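Remember, predicted model here, so these are calculated numbers, not experimental data. As the structure lists them, so they are numbered: ligands from 1, and atoms in each ligand from 1.
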Amino acid sequence: MKLDNQVAIVTGAASGIGRAIAEKFAAHGAVAVIADLNLDAANATAAEIKAAGGKAMGVAMDVTDEAAVNAGVAAVMAAYGRVDILVSNAGIQIVHPLEEFTYAEWKKLMAIHVDGAFLTTRACLPHMYKAGRGSVIFMGSVHSKEASVLKAPYVTAKHGLIGLAKVIAKEGAAHGVRANVICPGFVRTPLVEKQIPEQAQALGISEQDVIKKVMLKETVDGEFTTVDDVAEVALLFAGFPTNALTGQSLVVSHGWFMQ
Ligand code: NAD
């Protein structure tokens, strides 16, 4: 299979997009490491992957905690002796007009998305460099390319991940390590379900209008992107055999954003 014998750490994989990526990787032969805040939730996802015939391991990891990230990657190395793929996916959303954001909210969001990407990548790269191969994948967003009201720190963080991936692509090339960013449109995960009533309130419109007139307005067909759509792109980036595909960001959004 495409990812046979490879070990993939996926952060935020107890839920939503990360979970679908972990399932997809396991279905293609990888050991899927479910790294998430809560060990029970991570283990529950790992147990379901194993019940379906895949290989998986749960790890407790707050991606903003340097020691926890290093310990999680060390535990994976102790168990399997390799890390081939990192998907830095853990994320949250907070919506307010910019002037209503507290500094604490700003820092919390930036820490999970940006510090988390840095810390997890830094912990994995030495092992990838030693092996002479690896694939680093960041979960960006259409908001890596496009702005929306109410999402100042999210848009800032998601744009920043493209810059970080480009640096890793340049530094990693000599070691066979690639770095790419997936940029999904709206996907109906808990992160988005929470935003629908919040945006309805902030914008003074109905929840139905948030879906139709805000989230899916610019798509070509009024459809949500699915977790499986995103997992397919992750599989492409993870399994690509050469440095030809590196430093890229791929938008999967039903045409919301075209580049
Ligand atoms: P989700 O809420 O379903 O899952 C997020 C996961 O991240 C949860 O399991 C949560 O426990 C975990 N997490 C949160 N903080 C963490 C931390 N500090 N350390 C470790 N894990 C942590 O959300 P989702 O929609 O699957 O989002 C996953 C990623 O996809 C995020 O980066 C998000 O920005 C991005 N994204 C989502 C959409 C969408 O429409 N859902 C679109 C584009 C990009």
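Residue-level proximity to ligand 1 for V192 is carried by the side chain, the only part with a heavy atom below 4.0 angstrom. Contacts between R19 and ligand 1 below 4.0 angstrom, taking non-hydrogen atoms only, are absent altogether. Looking at K158 against ligand 1, only its side chain comes within 4.0 Å, counting heavy atoms.
If you check the side chains of K166 and Q248, you find no donor sitting under 3.5 Å from an acceptor. A donor and an acceptor atom, one from each side chain of Q93 and K194, are nowhere located under 3.5 Å apart. In the model, N243 has no side-chain atom that pairs as donor or acceptor with a side-chain atom of T246 under 3.5 Å.
Below 3.5 Å of separation, one finds no N or O of T64 facing any N or O of ligand 1. For the pair V63 and ligand 1, the shortest N or O to N or O distance falls below 3.5 Å. For ligand 1, the polar-atom distance check finds no N/O of S141 at less than 3.5 Å from any of the ligand's N/O atoms. At under 3.5 Å, a nitrogen or oxygen of V187, whether backbone or side chain, sits near a nitrogen or oxygen of ligand 1. Among the atoms of I112, none of the N or O lies under 3.5 angstrom from an N or O of ligand 1.
Near F186, meaning under 4.0 Å from one of its heavy atoms, ligand 1 places the atoms 40 (O). For ligand 1, the atoms lying closer than 4.0 Å to a non-hydrogen atom of G140 are 43 (C), 44 (C). Contact atoms of ligand 1 toward D62: 17 (C), 18 (N), 19 (N) (distance under 4.0 Å to a heavy atom of the residue). Distances below 4.0 Å separate heavy atoms of G185 from the following atoms of ligand 1: 40 (O), 42 (C), 43 (C). Listed by number with element, the atoms of ligand 1 under 4.0 Å from a non-hydrogen atom of P190 are 3 (O). Heavy-atom proximity to H113, at under 4.0 Å, picks out these atoms of ligand 1: 32 (O), 34 (O). Shown in contact with N89 at under 4.0 Å from a heavy atom are these atoms of ligand 1, numbered in order with element: 28 (C), 29 (C), 30 (O), 31 (C), 32 (O).
Residue, atom and distance of the protein heavy atom nearest to atom 3 (O) of ligand 1 are S15 OG, 2.7 Å. Protein heavy atom at the shortest distance from atom 37 (C) of ligand 1 is I17 CD1, 3.6 Å. Summary of contacts: the protein heavy atom closest to atom 15 (N) of ligand 1 is L37 CD1, 3.8 Å. The protein heavy-atom contact nearest to atom 7 (O) of ligand 1 is G12 CA, 3.4 Å. In terms of protein heavy-atom proximity, atom 25 (O) of ligand 1 is closest to T189 OG1, 2.4 Å.
Listed for the E232 side chain is no donor-acceptor partner under 3.5 Å among the backbone atoms of V230. Panel note: side chain D84, backbone G134; no donor-acceptor pair is recorded below 3.5 Å. Looking at D65, its side chain never comes within 3.5 Å of a backbone N or O of D62 through a donor-acceptor pair. With R188 contributing its side chain and E193 its backbone, the two residues share no donor-acceptor pair below 3.5 Å.
Checked for salt-bridge contact, K24 and D228 meet the test: a charged N lies under 4.0 Å from a carboxylate O. A salt bridge does not link D4 to K2: none of the charged nitrogens lies less than 4.0 Å from a carboxylate oxygen.
More than 12 non-hydrogen atoms from other residues, nucleotides or ligands lie less than 6.0 angstrom from CD of E100. Applying the 6.0 Å contact sphere to NZ of K108 captures no more than 12 heavy atoms from other residues, nucleotides or ligands.
Partners of E105 according to the salt bridge (Lys or Arg N to Asp or Glu O under 4.0 Å) rule, which considers only residues two or more places apart in sequence or in another chain, do not exist here.
Using cut-offs of 30° and 60° on the angle between ring planes, the pair F186 and W256 is parallel.
The six-membered or imidazole ring of H96 lies away from that of W106, with a centre-to-centre distance of 6.0 Å or more.
Considering only non-hydrogen atoms, atom 9 (O) of ligand 1 lies nearest to D36 out of V87, L191, T45, D36. Looking at M61, R188, M139 and measuring to atom 30 (O) of ligand 1, the nearest heavy atom belongs to M139.
Judged by the shortest distance from any of its heavy atoms, F224 lies outside the 4.0 Å radius around the atoms of ligand 1.
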